[in-house]
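Index from 1, following the sequence.
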Amino acid sequence: MKPDNDGNVSEFILLGFSEDPELQPLIFGLFFSMYLITVLGNLLLILAVSSDPHLHTPMYFFLSNLSLVDICFTSTTVPHMLLSIHRERKATTYEGCIAQMFFVCVFATLDDFLLTVMAYDRFVAICHPLHYTVIMNPRLCGLLVLGSWIMSSLACLLQNILVLRLSFCKDLEIPNFFCELKLLVQVACSDTFVNNVVMYISVVLLGGGPLAGIIYSYSKIVSSICRIASAQGKRKAFSTCASHLSVVSLFYCSCLGVYLSSAATHSSQSSSTASAMYTVVTPMLNPFIYSLRNRDKRALNALLVKRTTKGHLS
């Protein structure tokens, strides 16, 4: 698509995973299945937490918010890609691309913040168990989630404002299946120095800061667990952190894979595959990882029995 006379473009081309027409039905079926699993799995987890009074704790309050963000995160990218495959049209409008970039940024940053908040929750539960209910009161939990939303939205709004000042006059093909901030800046033909500086500062503050908080929390947690005398007590304390630690590892490893792949190659298939790990695969696996806990299993089973019984009675 040729640019307008003022140097702005009307649409971008999202290259996606492959240009082979024979692979499109396979890609459509695979991502449609993963999207359904992600939405249903996270919705089921939210319903289980809300319906079981035993799960009305700060940890599961944060988990419900994480599930909600994961649904929104996946819904920002996958439905648009599926529609593009169905229509056999890879172009997306300039306005749509900017909007998608903003929401992807917001929900990715929210995932990061919520995982950090959940690490703090585990830190308080294990290191200060006697003061847990006092420290992690409903007011603080609500403020932590609200603060995460506000900081994520403001940080990504700044990135979007900086992108809006850029001109795009060539190389309008984006080697991914959605509009990603870094790739969008790379195809701009105007000066991107300010964008790159702000982007890397944001990565350090919004990515490195929460990661440092998670590492600090778990260093204190490990230290406290090591001081527990009984082996059973150590296993019980570790089991409360295992699910969260698994999700954190999956999220940060997939994000690291995105930046390593984008730095090493500009291949559309490589960039899309790496991006799919943290935008699709990680949100899909999160409810399964947390459902490995026995209390989650009981709540989910009770919810399924309740829904099934209602269905038979009606």
Side-chain angles (χ1 to χ4, degrees), residues 42 45-46 48-50 54-74 103-157 202-225 237-256 278-279 282-283 285-287 289-293 295-296:
N42 283 284
L45 192 54
I46 293 173
V49 171
S50 61
H54 295 94
L55 300 182
H56 293 174
T57 62
M59 174 183 173
Y60 289 96
F61 170 70
F62 297 135
L63 179 57
S64 298
N65 280 274
L66 181 66
S67 294
L68 176 62
V69 170
D70 282 342
I71 292 174
C72 297
F73 195 10
T74 308
F103 287 112
V104 167
C105 176
V106 168
F107 295 130
T109 308
L110 264 172
D111 258 358
D112 197 12
F113 282 154
L114 287 175
L115 290 175
T116 307
V117 168
M118 293 170 75
Y120 175 70
D121 172 73
R122 293 299 85 204
F123 160 73
V124 176
I126 294 176
C127 299
H128 305 283
L130 299 179
H131 303 285
Y132 179 73
T133 54
V134 176
I135 297 174
M136 300 304 296
N137 57 76
R139 183 173 181 272
L140 177 62
C141 294
L143 288 176
L144 287 173
V145 172
L146 179 61
S148 298
W149 275 95
I150 293 174
M151 287 189 293
S152 301
S153 300
L154 291 178
C156 295
L157 181 61
S202 298
V203 169
V204 172
L205 295 179
L206 304 180
L211 179 59
I214 292 173
I215 293 174
Y216 175 80
S217 296
Y218 273 101
S219 67
K220 294 295 184 180
I221 289 172
V222 171
S223 177
S224 295
I225 291 177
F238 179 76
S239 67
T240 64
C241 303
S243 299
H244 176 259
L245 195 57
S246 300
V247 172
V248 168
S249 301
L250 184 62
F251 178 78
Y252 276 99
C253 287
S254 59
C255 288
L256 182 62
Y278 82 96
T279 59
T282 299
L285 295 179
N286 284 354
I289 293 174
Y290 276 101
S291 296
L292 294 177
R293 289 174 54 82
R295 284 196 298 176
D296 289 340

Which donor-acceptor pairs under 3.5 Å do side chains of residues 103-112 form with protein atoms, sequence neighbours excluded?
unit_1 : atom_1 : unit_2 : atom_2 : d
Thr109 : OG1    : Cys105 : O      : 2.7
Asp112 : OD1    : Tyr252 : OH     : 2.3

Let me check something: any side-chain donor-acceptor pairs from residues 64-72 under 3.5 Å, sequence neighbours excluded? List them with distances.
unit_1 : atom_1 : unit_2 : atom_2 : d
Ser64  : OG     : Tyr60  : O      : 2.9
Asn65  : ND2    : Phe61  : O      : 2.8
Ser67  : OG     : Asn42  : OD1    : 3.3
Ser67  : OG     : Leu63  : O      : 3.2
Asp70  : OD2    : Asn286 : ND2    : 2.8

Aromatic rings Tyr278 and Phe251: how do their planes relate, parallel, tilted or perpendicular, breaks at 30° and 60°? perpendicular
Side chain to side chain donor-acceptor pair (under 3.5 Å) contacts in which one or both residues fall within residues 211-222, not counting sequence neighbours: Tyr218-His244
Gap separating the CZ atom of Phe238 from the CD1 atom of Ile221, nearest 0.5 angstrom: 10.5 Å
Under 3.5 Å, side-chain donor or acceptor atoms of residues 140-155 against the rest of the protein: list the pairs with distances, not counting sequence neighbours.
unit_1 : atom_1 : unit_2 : atom_2 : d
Ser148 : OG     : Leu144 : O      : 2.8
Ser152 : OG     : Ser148 : O      : 2.7
Ser153 : OG     : Trp149 : O      : 2.8

Residues Phe62 and Met136: closest non-hydrogen pair is CE1-CE, 3.7 Å
Name all residues meeting the side-chain contact (heavy atoms from CB on, under 4.5 Å) criterion together with Ser224; count only those two or more places apart in sequence or in a different chain, and write none if there are none. Ile126, Cys127, Arg227
Show which side-chain atoms of residues 202-209 pair as donor or acceptor with protein atoms under 3.5 Å away, not counting sequence neighbours.
unit_1 : atom_1 : unit_2 : atom_2 : d
Ser202 : OG     : Gln159 : NE2    : 2.9
Ser202 : OG     : Val198 : O      : 2.8

Please round to the nearest 0.5 Å and tell me the distance separating atom CZ of Phe123 and atom OG1 of Thr116. 14.0 Å
